[in-house]
Amino acid sequence: MSFVHQKCRNVDVPYLGSQIYRTSVPDDLVKWNRDWADYAPPNYTDKKVHGQAWADPEINDHNQYTFDPKTLSPINPIGRTGLAGRGLLGRWGPNHAADPIVSRISDEGHLEFVAIQRRDNREWAIPGGMVDAGEHVTQTLQREFTEEAMNGNIDKDSLKELWSDGKELYRGYVDDPRNTDNAWMETVVFNFHDSNGLLNNVDLQAGDDATALRWIRVDSKEPLYASHAHFIDLLKSAHSK
Ligand code: BGC
């Protein structure tokens with residue numbers, strides 16, 4: 001079977017920050033082309049989303065994606081999630097994030113990457129974040145790393161060489177627990193590999209939404225946030241070629 005999302009079909013706990021339970025969607029009914037005439041998931045958009053500058057208006061009228069002729073909402077490209085509306089996501093359709101993986105070979109010869117501990121759920125993660133309105137994703141990658149892993153110390157020059165040599169590892173849909181039938185996460189993952197020890201002269205320090213920082217070896221079994229373990233697998237394969 002082709003890829004089906006899992007994290008946005010969890011019916012054991014309510015949708016994040018709410019008391020709303022998703023409709024249970026079995027694996028074989030995820031794809032929209034499978035008939036399910038009675039499918040009527042709860043419709044939920046968190047109050048925090050209403051009226052925000054980073055969010056779409058209540059009524060959605062764009063047409064870049066396949067959309068539901070009944071509700072005029074964009075349709076999750078992977079399939080059903082058991083929840084309609086936007087949940088905690090600001091945008092109808094794709095909500096864009098960017099994940100910078102900064103890596104190096106340690107003195108002991110191990111490939112490792114900069115990880116931060118997230119303030120919201122204490123999980124270890126790549127220091128990624130949402131693309132701001134009007135921002136280019138290359139800016140987001142550097143901004144998020146600077147905010148979360150350098151505590152906002154903007155030192156444009158010392159890492160110039162590192163930022164100029166990024167390699168794209170992934171671009172597209174993410175299996176994220178916030179996804180709904182009408183709003184979902186997409187991300188762009190870039191690897192910035194420090195072959196020249198540039199980071200030895202930089203003060204890495206958790207900041208903003210991050211409470212701690214450390215280098216994690218790619219072969220450690222450390223559980224990571226959202227789909228980040230998958231992105232680290234991509235990093236490993238990119239470096240084993
Ligand atoms: C996070 C990214 C993550 C994305 C999708 C964003 O909120 O900051 O690191 O890849 O969600 O799960």
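Basis for what follows: all heavy atoms, side chains included, without hydrogens, waters or symmetry-related copies. None of the values given here were measured: they were computed from a predicted structure. In each ligand, atom 1 is the first atom listed, and ligand 1 is the first ligand listed.
Among protein heavy atoms, the minimum distance from atom 5 (C) of ligand 1 is reached at Asp176 OD2, 3.4 Å. For atom 3 (C) of ligand 1, the closest heavy atom belonging to the protein is His228 NE2, 3.4 Å.
Every heavy atom of Ala125 sits 4.0 Å or more from the atoms of ligand 1.
The heavy atom nearest to atom 9 (O) of ligand 1, out of those in Val131, Asp99, Leu224, is found in Asp99.
Atom OG1 of Thr146 sits about 11.0 Å away from atom CG of Asn151, to the nearest 0.5 Å. Atoms NZ and NE2, on Lys167 and His239 in that order, are 8.0 Å from each other to the nearest 0.5 Å.
The side chain of Arg178, and not its backbone, has at least one atom closer than 4.0 Å to an atom of ligand 1 (non-hydrogen atoms only; side chain from C-beta on). Contact annotation for Arg118 and ligand 1: only side-chain heavy atoms (C-beta onward) come within less than 4.0 Å of the ligand.
The Gly128 neighbourhood of ligand 1 comprises atoms 8 (O), 9 (O), with distances under 4.0 Å to a heavy atom of that residue. Listed by number with element, the atoms of ligand 1 under 4.0 Å from a non-hydrogen atom of Val174 are 5 (C), 12 (O). Against a heavy-atom cut-off of under 4.0 Å, Gly129 is close to the following atoms of ligand 1: 8 (O). Ligand-side atoms of ligand 1 in range of Ala226: 12 (O), range being under 4.0 angstrom from any heavy atom.
Ring centers of Tyr21 and Tyr15: at least 6.0 Å apart, outside the cut-off.
Using cut-offs of 30° and 60° for the angle between ring planes, the Phe3 and Tyr173 rings count as perpendicular.
Cluster annotation: Ile75 and Val4 are assigned to the same hydrophobic cluster (Ile/Leu/Val/Met/Phe/Trp/Tyr, side-chain heavy-atom contacts under 4.5 Å, transitive). Both Ile105 and Leu169 are members of a single hydrophobic cluster when ILVMFWY side chains are connected at heavy-atom separations under 4.5 Å.
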Begin with the C-alpha distance, continue with both residues' side-chain angles, and end with the deciding distance and a verdict on ring-ring contact (aromatic ring centres under 6.0 Å, His included) for Phe192 and Trp163.
-> CA-CA 6 Å; Phe192 301 96; Trp163 297 131; 4.7 Å; yes
